[in-house]
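All values below were derived from every heavy atom in this structure, side-chain atoms included, with hydrogens, water molecules and symmetry-related copies excluded.
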Amino acid sequence: MSKVKPIPGGVPVVMPMLVCRDVAAEIDFCKTTFGAVELVRRPGPDGNVAHAALAIGGAMIMIEGEWPSLSSRTPQSDGSSPVVIYVYVEDVDAVIQRAVAGGARVLLPVKNQFWGDRTGRIIDPSGHVWTISTRIEETSSAERQERWSTTVKS
């Protein structure tokens with residue numbers, strides 16, 4: 001009898017699960033915006049997509065439909081989500097443009113940050129909040145502290 005691995009091979013130990021009313025639409029948004037690769041797609045009893053697993057770069061996320069038997073619900077559409085997904089990409093400006101073209105709303109416009117990233121924040125059509133970043137400069141701890149002090153005083 002073979003021993004089953006408690007953590008499946010090739011699966012990260014921590015994986016966000018985004019609950020959505022329209023799983024297929026969230027899959028399409030992630031593919032178009034982030035170049036996500038669909039790994040798994042499962043239908044629910046009604047035939048609509050109920051579950052999916054996607055790869056974005058070296059990470060994975062799950063997209064899940066709302067289930068009456070579970071208390072997890074889709075987020076509010078006002079950007080007040082207590083969870084923000086931080087994603088590094090090659091070109092933050094291009095990704096934000098694709099996100100907006102796909103129905104996202106900009107919460108924080110793209111700008112250079114004191115720690116060396118260029119970032120923007122969006123809310124996707126399902127209500128999930130994403131901070132999207134590109135590293136533009138390597139900074140030391142001392143540089144970040146100095147810049148933070150200057151930023152706070154401004």
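- Taken from NZ in Lys31 to CZ in Arg98, the straight-line distance is 14.5 Å, to the nearest 0.5 Å.
- Under a 3.5 Å cut-off, the side chain of His128 and the backbone N or O of Val19 do form a donor-acceptor pair.
- Heavy atoms from other residues, nucleotides or ligands lying under 6.0 Å from CZ of Arg42 number 12 at most.
- With sequence neighbours left out, Ala104 forms a side-chain contact (heavy atoms from CB on, under 4.5 Å) with Phe29, Ala99, Ile122.
- Take Arg41 and apply the salt bridge (charged side-chain N to carboxylate O under 4.0 Å, His left out) test, not counting sequence neighbours, and it matches Glu38.
- Ser77 contributes atom OG, which lies 7.0 Å from atom CZ of Arg105 (distance to the nearest 0.5 angstrom).
- Residues satisfying the side-chain contact (heavy atoms from CB on, under 4.5 Å) criterion with Asp78, sequence neighbours excluded, are Gln76, Ser80.
- Side chain of Thr134 to main chain of Val92: a donor-acceptor pair is present (N/O by atom type, distance under 3.5 Å, no hydrogens or angles).
- The OG atom of Ser133 lies 8.5 Å from the CD1 atom of Ile96; values are rounded to the nearest 0.5 Å.
- In this structure, OG on Ser81 lies 10.0 Å from CG on Leu107, to the nearest 0.5 angstrom.
- Applying the side-chain contact (heavy atoms from CB on, under 4.5 Å) criterion to Glu137, with sequence neighbours excluded, gives Thr139, Arg147.
- Of all heavy-atom pairs between Gly102 and Pro125, the closest is O-CG, 3.5 Å.
- Taking hydrophobic clusters as Ile, Leu, Val, Met, Phe, Trp and Tyr residues chained together by side-chain heavy-atom distances below 4.5 Å, Val87 shares a cluster with Ile27.
- Summarising the geometry, atom CD belonging to Glu26 is positioned 6.0 Å from atom CG belonging to Leu18; distances are rounded to the nearest 0.5 Å.
- Under 3.5 Å, the side chains of Arg121 and Thr131 contain a donor-acceptor pair of N or O atoms.
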Subject >> From CA spacing to verdict: side-chain contact (heavy atoms from CB on, under 4.5 Å), Val129, Val83 >> reply: CA-CA 7 Å; Val129 178; Val83 176; over 6 Å; no

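- Residue Ile132 holds its CD1 atom at 11.5 Å from CG of Leu108, rounded to the nearest 0.5 Å.
- Applying the salt bridge (charged side-chain N to carboxylate O under 4.0 Å, His left out) test to Arg118 and every residue at least two apart in sequence or in another chain returns Asp93.
- Partners of Gln113 according to the side-chain contact (heavy atoms from CB on, under 4.5 Å) rule, which considers only residues two or more places apart in sequence or in another chain, are Lys111, Trp115, Thr119.
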